[in-house]
Amino acid sequence: MLKIALIVLAVLVGLFLLLFSIYFFNLDMKLIVNVIAPVFEKHYDKVKRNQRV
């Protein structure tokens with residue numbers, strides 16, 4: 001029983017450290033800016049527009 005509790009605790013601590021490092025270094029926004037935004041920009045640049053801004 002103690003062995004299972006230690007494994008669960010280790011998994012929770014590891015998950016916490018992973019999520020904290022993502023938050024601390026702002027890795028979620030860096031992923032969006034460097035990976036996802038260029039894909040969206042490429043798509044929306046190709047869209048035909050009815051009016052010019």
Side-chain angles (χ1 to χ4, degrees):
M1 186 68 180
L2 180 63
K3 191 174 185 179
I4 294 172
L6 289 175
I7 291 171
V8 169
L9 182 64
V11 168
L12 289 176
V13 169
L15 183 62
F16 174 77
L17 290 175
L18 174 70
L19 292 175
F20 181 76
S21 64
I22 289 171
Y23 168 76
F24 186 78
F25 294 110
N26 202 17
L27 296 177
D28 54 341
M29 291 306 296
K30 289 179 183 179
L31 173 75
I32 290 173
V33 167
N34 293 324
V35 176
I36 298 172
V39 173
F40 283 142
E41 289 170 1
K42 194 181 299 183
H43 168 71
Y44 286 115
D45 285 343
K46 291 180 182 178
V47 171
K48 296 275 186 183
R49 295 189 173 54
N50 294 332
Q51 299 176 6
R52 281 218 172 274
V53 176

Where I22 and D28 come nearest, the two heavy atoms and their spacing: CG2-N, 4.2 Å
Taking distance alone, no hydrogens or angles, what donor-acceptor pairs closer than 3.5 Å link side-chain atoms of residues 31-51 to residues at least two apart or in another chain?
from, atom 1, to, atom 2, distance (Å)
N34, ND2, K30, O, 3.1
R49, NH1, Y44, O, 3.3
R49, NH1, V47, O, 2.9
R49, NH2, Y44, O, 3.0

Without placing hydrogens or testing angles, list every side-chain donor-acceptor pair under 3.5 Å for residues 9-19, not counting sequence neighbours.
none

ring-ring contact (aromatic ring centres under 6.0 Å, His included) partners for F20, two or more places apart: F24
